[in-house]
> 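I have a structure here, written as C-alpha cells, and I will follow up with some questions on it.
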Amino acid sequence: MAGNEQKYVASAFETNWIAPLGPLVDKFESVLADYTGAGHCAALSSGTAAIHLALEILGVGINDEVIVQSFTFCGSINPVLYQKASPILVDSDPVTWNMDPNLLREVIEDRIKATGRKPKAVIPVHLYGMPARIDEIMQVCAEYEIPVIEDAAEALGSTFKGKKLGSFGDFGILSFNGNKIITTSGGGALLSSNEEWVAKARFLSTQARDKAIHYQHSELGYNYRLSNVLAGIGVGQMEILDKFVSLRRSNNQFYSDLFKGSGITVHQESSADFFSNHWLTAILFPADSVLLNKEILMDALLEENIESRPLWKPMHLQPLYSESKMYGGQVSEDLFERGLCLPSGSNLTDSDRDRIADVVSKVLRNAQ
Ligand SMILES: *Cc1c(COP(=O)(O)O)cnc(C)c1O
C-alpha cells in the first residue's frame with residue numbers, strides 16, 4: 001500500500017457506501033478510463049469476470065471457437081469454457097513471449113477452412129507486463145473482422161508506441177488481484193471505447209436487473225461488480241501506479257546488471273516501441289546446462305528463504321486443456337522449461353537485492 005488507500009476506505013465507511021456500487025466505484029472507473037485512454041470502464045470483482053463478460057457481450061457460446069494465447073495464466077482462458085465454447089490455443093513469439101501475429105493469421109485461415117466459420121474472438125495477453133505485438137495482432141483481426149479481448153491483467157502502465165495497453169482491443173481487461181502491480185485485494189476491470197458495451201457489462205455484473213421497482217430479470221446476469229470499499233483501495237493505488245512502474249523497472253535493470261555476461265538473459269523490450277511495466281522480471285537459462293539451470297537457482301534462493309517461481313505453464317500442457325487444439329508449442333514449452341520469475345515487488349529494498357545478488361553470484365561461480 002502507498003498511503004492514501006485507508007483514507008478512501010475510511011470515506012466509504014463514513015458515508016456508509018458499503019456496497020458493490022458507490023462514489024468510489026465511479027471514481028475508480030473514471031480514473032482507469034482516463035489513465036489507459038480506453039474511454040470507458042466497468043469495475044468488476046476480478047479480471048476473469050471481465051473476460052467472461054466480454055465473451056458474453058460478444059455473443060460467444062456453444063460451438064464457437066475463441067483463439068487464446070497458450071502461454072498465460074488460466075484466468076485468460078477459463079471463461080471460454082464457462083461459455084461452453086472451444087479454446088483454440090496459439091504459441092508465442094520468442095521475443096515478446098506473447099501471441100505470434102504471423103501464426104495467428106495461419107490459425108484463423110485454418111479454422112475457417114476446418115469449420116467454415118470464423119473464430120468469435122481472439123485473446124492476446126501481455127505477459128509479465130511485456131507488450132505483445134499488439135498492432136500486428138489488431139491488424140490481422142481487423143482484416144478478418146474478429147474482435148479482440150486484450151488481456152492486460154499484468155500490464156497496467158505498460159505501453160506500445162506510447163499508447164497504454166488495455167486500450168488497443170475491442171475490449172481490454174485489467175486485474176487488481178493481490179499479486180498484480182496494483183491491487184484492491186481482489187478486483188478487475190473491463191475497458192472499451194464502446195460505451196454501450198461497458199454499460200452492458202455493468203448491467204450484467206449486477207444480476208441483469210431490469211428497470212423496474214420490483215426485481216425483474218429478462219436476461220441471465222452475474223454478481224461481478226466491485227465493492228465500493230475495495231474501489232477505495234484502487235483509487236489510492238492509482239495515485240502511485242507510475243511510481244510502482246518505475247520501481248519494477250529498476251528491479252529489471254538490477255537483474256540485467258546482475259546477469260550481464262552470465263549466459264542468462266533477462267526478459268526485456270526488443271525496441272523503443274515496447275515499454276513494459278516489468279510487473280515481474282523473468283530470466284531464461286541457457287539450453288541444456290547441468291550447472292546453470294532454473295532448478296539450481298530456485299533451490300539456492302530457497303535456501304536463503306527467497307522465493308522464485310517458474311514461468312506460467314502453457315495451457316496446452318495443462319490437463320484441463322490437453323484436448324484443445326494447439327498451433328505451434330515449441331516456443332512456450334521452451335520458455336516454461338528454461339524460464340524463472342525472480343523477486344520483483346515494488347517494495348524490494350537494497351538489502352533484499354544484496355541478499356539476492358549474493359546467491360546469484362555463488363550460483364554463477366559454481367557454474368564456471
Ligand atoms: C491475474 C490474471 C488474470 C485474472 O485476473 P483475476 O483478477 O485474478 O481474475 C487473467 N489473465 C492474466 C494474464 C493474469 O495474470
Side-chain angles (χ1 to χ4, degrees), residues 20 25 28-29 32 36 41-56 66-83 87 89-92 96-99 121-132 134 137 148-158 165-166 168-169 171-191 201 205 222-227 230-231 233-234 237 244 248 267 276-282 309-316 318 320-321 332 335-336 339 341 344-345:
V25 173
F28 192 36
E29 287 180 343
L32 287 168
T36 58
C41 172
L44 302 170
S45 54
S46 75
T48 308
I51 295 183
H52 190 192
L53 292 183
L55 291 171
E56 177 72 36
V66 176
I67 298 177
V68 191
Q69 178 171 323
S70 181
F71 189 46
T72 189
F73 171 66
C74 70
S76 307
I77 184 173
N78 284 352
V80 177
L81 293 192
Y82 300 167
Q83 293 300 85
L89 301 167
V90 186
D91 206 1
S92 291
T96 65
W97 299 7
N98 294 312
M99 187 178 278
V122 174
I123 308 178
V125 188
H126 306 291
L127 226 50
Y128 305 117
M130 182 62 71
I134 192 67
I137 291 168
V148 173
I149 302 168
E150 185 193 357
D151 183 343
E154 301 179 3
L156 182 57
S158 299
L165 301 187
F168 285 85
F171 285 105
I173 77 101
L174 301 172
S175 168
F176 312 112
N177 193 28
N179 59 342
K180 299 305 198 297
I181 190 159
I182 66 161
T183 183
T184 59
S185 73
L190 187 67
L191 303 167
S205 70
Y222 303 87
N223 184 4
Y224 277 173
R225 201 80 165 111
L226 185 68
S227 152
L230 301 187
I233 303 178
Q237 288 267 284
F244 280 4
R248 301 244 171 182
H267 190 34
S276 173
N277 67 9
H278 287 305
W279 170 57
L280 296 186
T281 288
R309 287 196 200 167
L311 304 190
W312 297 124
K313 183 174 184 175
M315 290 303 123
H316 69 280
Q318 301 283 356
L320 181 59
Y321 292 100
S332 51
L335 291 170
F336 179 58
C341 289
S344 303

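Every number for a ligand or one of its atoms is a count from 1 in the order of the listing.
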> If the condition is salt bridge (charged side-chain N to carboxylate O under 4.0 Å, His left out), which residues does R225 pass it with, not counting sequence neighbours?
E29

> Quick one: pull up CE in M315 and CG in L89 and give me the separation to the nearest 0.5 Å.
8.5 Å

> Would you confirm whether Q318, through its side chain, and K313, through its main-chain N or O, come within 3.5 Å as a donor-acceptor pair?
yes

> Check ligand 1 against the protein and report each N/O to N/O distance under 3.5 Å, formatted as atom name, atom name, distance.
unit_1	atom_1	unit_2	atom_2	d
ligand 1	5 (O)	S175	OG	3.2
ligand 1	7 (O)	G47	N	2.8
ligand 1	7 (O)	S175	OG	2.7
ligand 1	9 (O)	G47	N	3.4
ligand 1	9 (O)	T48	N	2.9
ligand 1	9 (O)	T48	OG1	2.5
ligand 1	11 (N)	S76	OG	3.3
ligand 1	11 (N)	D151	OD1	3.4
ligand 1	11 (N)	D151	OD2	2.7
ligand 1	15 (O)	E154	OE2	2.5
ligand 1	15 (O)	K180	NZ	3.4

> Hey, could you give me the CD1/OG1 distance between I123 and T72, rounded to the nearest 0.5 Å?
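One gets 9.0 Å once the value is rounded to the nearest 0.5 Å.
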
> Which heavy atom of W312 sits nearest to which heavy atom of W279, and what is that distance?
CZ2-CH2, 4.3 Å

> Is it true that a side-chain atom of N98 and a backbone atom of L127 form a donor plus acceptor pair closer than 3.5 Å?
yes

